[in-house]
Undergrad: 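Provided herewith is a single structure, encoded as structure tokens, for subsequent inquiry.
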Amino acid sequence: QVQLVESGGGLVQAGDSLRLSCAASGRTFKHYAMGWFRQAPGKDREFVASISGSGGATDYEESVKGRFIISRDNAKNSVYLQMNNLQPDDTALYYCAQRSSQFVFRSKGGYDYWGQGTQVTVSS
């Protein structure tokens, strides 16, 4: 079965950077698009970024464009989210997710597998 395990979250100050990682197992990683989502307390889970199976296409939520970078290493079955210039509004539980398609996608309904999440807290 597919397993996704996130790591790299933590408590940082505004302006700092963090790099999240997600290790996948269970099926051929390079065939499937990956996404990062986040959920703040009392809010819905929202799209952050997505990357195609090959890594050739990416998509970002507007508020993270220019600050966050999604990437993947298909040889390591891993996807990453480099987060720069973090702000208190970025505080959330961050989830890694996998589609059963190679194409990027924004809606959480298009993802079939989810990790348990890693907490990111940004203090002002």
Side-chain angles (χ1 to χ4, degrees):
Q1 69 279 18
V2 174
Q3 289 190 324
L4 303 174
V5 180
E6 302 98 333
S7 61
L11 171 63
V12 297
Q13 293 186 331
D16 285 351
S17 298
L18 276 177
R19 188 189 193 214
L20 305 184
S21 299
C22 173
S25 62
R27 58 181 183 174
T28 307
F29 183 70
K30 66 182 180 180
H31 291 168
Y32 305 108
M34 300 294 294
W36 286 98
F37 289 76
R38 65 187 179 186
Q39 188 166 17
K43 295 187 177 181
D44 288 339
R45 191 172 301 189
E46 66 173 4
F47 170 77
V48 175
S50 180
I51 187 167
S52 63
S54 68
T58 57
D59 188 23
Y60 295 92
E61 192 272 328
E62 197 63 33
S63 71
V64 308
K65 280 182 181 178
R67 298 190 299 127
F68 291 10
I69 301 171
I70 188 171
S71 63
R72 65 190 294 158
D73 185 338
N74 286 343
K76 295 183 178 180
N77 290 350
S78 294
V79 63
Y80 309 98
L81 186 68
Q82 177 66 43
M83 304 186 295
N84 301 320
N85 190 23
L86 282 159
Q87 299 301 312
D89 283 350
D90 296 316
T91 295
L93 188 60
Y94 281 72
Y95 295 92
C96 168
Q98 188 179 72
R99 302 197 67 206
S100 291
S101 164
Q102 62 179 306
F103 301 111
V104 298
F105 201 70
R106 290 189 165 217
S107 173
K108 57 183 180 289
Y111 290 79
D112 301 296
Y113 299 98
W114 294 83
Q116 293 300 305
T118 185
Q119 179 68 38
V120 172
T121 303
V122 185
S123 64
S124 56

Undergrad: With rounding to the nearest 0.5 angstrom, report the CD to CD distance, E46 to Q39.
TA: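 The CD atom of Q39 is 9.5 Å from CD of E46, to the nearest 0.5 Å.
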
Undergrad: Closest approach of E6 and G117, non-hydrogen atoms and distance?
TA: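 Taking E6 first and G117 second, the nearest heavy atoms are OE1-N, 2.9 Å.
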
Undergrad: Work out which heavy atom in Y111 is nearest to a heavy atom in F105; give both atom names and the distance.
TA: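 Heavy atoms of Y111 and F105 come nearest at OH-O, 2.6 Å.
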
Undergrad: If you compare all heavy atoms of L20 against all heavy atoms of G9, which two are closest, and at what distance to 0.1 Å?
TA: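 The pair with the smallest heavy-atom distance is CD2-N, 3.6 Å.
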
Undergrad: Are Y80 and I51 joined in one hydrophobic group, where the rule is that I, L, V, M, F, W and Y side chains link up if heavy atoms are under 4.5 Å apart?
TA: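 Looking at the clustering, I51 is in a separate group from Y80.
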
Undergrad: Going only through I, L, V, M, F, W and Y residues with side-chain contacts under 4.5 Å, is there a path from F29 to V104?
TA: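 Cluster IDs for F29 and V104 differ.
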
Undergrad: Distance check, rounded to the nearest 0.5 Å: I70 atom CD1 versus Q82 atom CD?
TA: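 Atom-to-atom, I70:CD1 and Q82:CD are 12.5 Å apart.
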
Undergrad: I would like to know whether S123 and Q13 meet side chain to side chain contact (heavy atoms under 4.5 Å, CB included); could you show each step before the answer?
TA: CA-CA 5 Å; S123 64; Q13 293 186 331; 3.7 Å; yes

Undergrad: List the atom of A23, the atom of S78, and the distance in Å for their closest heavy-atom pair.
TA: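 Scanning both residues, the minimum pair turns out to be CA-OG, 4.0 Å.
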
Undergrad: Can you tell me how far CZ of R72 sits from OG1 of T58, rounded to the nearest 0.5 angstrom?
TA: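 So the gap between those two atoms works out to 12.0 Å.
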
Undergrad: Tell me whether V2 is reachable from M34 by hopping between hydrophobic residues (I, L, V, M, F, W, Y) whose side-chain heavy atoms are closer than 4.5 Å.
TA: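 Same hydrophobic cluster.
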
Undergrad: Measure the spacing between NE2 of H31 and CD of Q98 and express it to the nearest 0.5 Å.
TA: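 Result: 11.0 Å between the selected atoms.
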
Undergrad: How far does CZ of R67 sit from CG of L86, to the nearest 0.5 angstrom?
TA: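 Reported value, rounded in 0.5 Å steps: 6.5 Å.
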
Undergrad: Taking I69 as the starting point, is it possible to reach V122 by hopping between hydrophobic residues whose side chains are less than 4.5 Å apart?
TA: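 Yes, it is one cluster - the side chains of V122 and I69 are joined through contacts under 4.5 Å.
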
Undergrad: What's the spacing between K65 NZ and D59 CG if we round to 0.5 Å?
TA: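 Interatomic distance, K65 NZ to D59 CG, rounded to 0.5 Å: 6.5 Å.
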
Undergrad: Work out which heavy atom in G8 is nearest to a heavy atom in T118; give both atom names and the distance.
TA: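 Closest approach of G8 to T118, heavy atoms only: N-OG1, 4.1 Å.
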
Undergrad: Is it the case that the side chains of S71 and R19 hold a donor-acceptor pair, with the cut-off being a distance below 3.5 Å and no angle test?
TA: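 No - no donor-acceptor pair under 3.5 Å links their side chains.
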
Undergrad: Are the aromatic ring centres of F68 and W36 under 6.0 angstrom apart?
TA: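 No: the rings miss the under 6.0 Å criterion.
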
Undergrad: Under 4.5 Å between side-chain heavy atoms, hopping through other hydrophobics if needed: is there a path connecting Y94 to V79?
TA: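 Yes, Y94 and V79 fall within the same hydrophobic cluster.
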
Undergrad: Is the count of non-hydrogen atoms from other residues, nucleotides or ligands lying under 6.0 Å from Q119 atom CD greater than 12?
TA: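 It does: Q119 CD has more than 12 such atoms within range.
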
Undergrad: Determine the sole option in D90, D89, D44 for which the salt bridge (Lys or Arg N to Asp or Glu O under 4.0 Å) test with R38 is passed.
TA: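 When salt bridge (Lys or Arg N to Asp or Glu O under 4.0 Å) is applied between R38 and each of D90, D89, D44, only D90 qualifies.
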
Undergrad: Quick one: do Y95 and K108 satisfy side chain to side chain contact (heavy atoms under 4.5 Å, CB included)? Show the steps, please.
TA: CA-CA 11 Å; Y95 295 92; K108 57 183 180 289; over 6 Å; no

Undergrad: Tell me if a side-chain donor or acceptor on R106 pairs with a main-chain N or O of Y60 at a distance below 3.5 Å.
TA: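 Checking the backbone N and O of Y60 against the side chain of R106, a donor-acceptor pair under 3.5 Å is found.
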
Undergrad: Take F37 and W114, measure what side chain to side chain contact (heavy atoms under 4.5 Å, CB included) needs, and give me the verdict at the end.
TA: CA-CA 10 Å; F37 289 76; W114 294 83; 3.6 Å; yes

Undergrad: Give the minimum heavy-atom separation between A92 and A40, together with the two atoms involved.
TA: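 Scanning both residues, the minimum pair turns out to be CB-N, 3.9 Å.
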
